[in-house]
Protein chains: 2
Amino acid sequence: MLDTNQWEVGTQRSYRYLKESKVSSEISELQEPTPYVQTSPASQSDAELEDLVQEIIGRVADKWTMLALDVLGEHGPLRFTRVRELMDGVSQKMLTKTLRQMEADGLVVRTVYPVIPPHVEYELTDMGLSLGEAFCGVWVWAAQHRERIRLARQAYQAR
Amino acid sequence: MLDTNQWEVGTQRSYRYLKESKVSSEISELQEPTPYVQTSPASQSDAELEDLVQEIIGRVADKWTMLALDVLGEHGPLRFTRVRELMDGVSQKMLTKTLRQMEADGLVVRTVYPVIPPHVEYELTDMGLSLGEAFCGVWVWAAQHRERIRLARQAYQAR
DNA sequence: CAGCATCCTTTTTGATACTG
DNA sequence: CAGTATCAAAAAGGATGCTG
């Protein structure tokens, strides 16, 4: 069973990062944490919106989802088994679950060719693709900071 | 106990998104516990780098870590209880765990004022701050696509 | 206040076994 | 091939009590 609610936090987030929303790619400098004021058309739907954002992030901030996003983004349409090979480490169960969830969220399309043996292909939707691009910043960050993190952990251990 | 390894996937990722990042060029490394010899031009250190990136992403792609990142980024240095209030939903146990992990990774600094009653402040490091900024793209994406996701789920349900 | 320790429940994940 | 179903193990998380 695919739980639709991985986790939901009744939060009061106020993510300043949305202030000048220009979406992906430009992760260089956002400056001052301007106290949130920007409630243009949807005044009190803010709380709801933030909950949704939270939930979505929770959903996509998943190990396998991100891996699948990357693999599918990288290799175009793939068959189930091929995805599994490329994701290296995912169990069949988890892969099924992940892909189904992504499908339900509109991140991938699942195409079944009614042949024997079965042939099923998975491909990112444009939304899935754009999510991959949105994650770009995090990927770059991780790559850029891997060494500092390693050192920080080392220092923390030795403390 | 803080597990240092939330999950490790021996992957062969190839994230195209790093195409133009200079990223790996500047860190000449000292003692590397890995069997790989660090090849400077990032030729076959790719596999190792990608594993690390994977691990880091796995670490930061955590519900509470992201929330803490946001709250601390938004409100500057905060005391434990205040963070907990702002994160609304986190248990004391999880908050402690999350903050400790972030501290170990060099994302936050934990300052203890030896007074009675105890006074402990948490503040993002510059690295933590930059991670928050890196997540900007995902946040924006989530905000922008929340409706499409909701509709996609609806459609999937009714399918 | 800011935790740590302990117990217990819930979720998640892995390992098979089986099927159209 | 691409799954489903089931059982068992493990991890995550919550609740409570205690402490300097």
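No hydrogens, no waters, no symmetry mates; every other heavy atom, side chains included, goes into these values. These numbers come from a predicted model, not from an experiment. Letters A, B, ... mirror the listed sequences (proteins, then strands); counts begin at 1.
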Check whether any side-chain N or O of B:Arg100 sits under 4.0 Å from OP1 or OP2 of C:dG3, and answer yes or no. yes
Grab the CZ-P distance between A:Arg84 and D:dC1 for me, whole Å please. 11 Å
Of all pairs that satisfy ring-ring contact (aromatic ring centres under 6.0 Å, His included), the ones with a partner from residues 89-118 of chain B, not counting sequence neighbours: B:Tyr113-B:His119
Between CZ of A:Arg82 and C1' of D:dC1 the distance, given in whole Å, is 15 Å
Set of residues satisfying side chain to side chain donor-acceptor pair (under 3.5 Å) with respect to A:Gln92, sequence neighbours excluded: A:Thr96
So if I define the base as every atom that isn't primed, P, OP1 or OP2, how would nucleotides 14-20 of chain C read as a B/S/- string at a heavy-atom cutoff under 4.0 Å? BB----B
Does a nitrogen or oxygen in the side chain of B:Tyr122 sit under 4.0 Å from OP1 or OP2 of C:dG3? yes
Under 4.0 Å between a side-chain N/O of A:Arg79 and OP1 or OP2 of D:dA2, yes or no? yes
Side chain to side chain contact (heavy atoms under 4.5 Å, CB included) with B:Ser91: which residues, sequence neighbours excluded? B:Lys93, B:Met94
For B:Arg110, side chain to side chain contact (heavy atoms under 4.5 Å, CB included) partners two or more places apart: B:Arg100, B:Glu103, B:Val112, B:Val120, B:Tyr122
A:Glu121 CD to D:dC1 C1', straight-line distance once rounded to whole Å: 13 Å
Tell me: CG of A:Leu95 to P of C:dT13, nearest whole Å? 13 Å
B:Tyr156 ring centre to B:Arg159 NZ or CZ under 6.0 Å, with the angle to the axis within 45°? yes
Spacing of B:Leu99 atom CG relative to C:dA2 atom C1', expressed in whole Å: 11 Å
For B:Pro118, the side chain to side chain contact (heavy atoms under 4.5 Å, CB included) test, sequence neighbours excluded, returns none
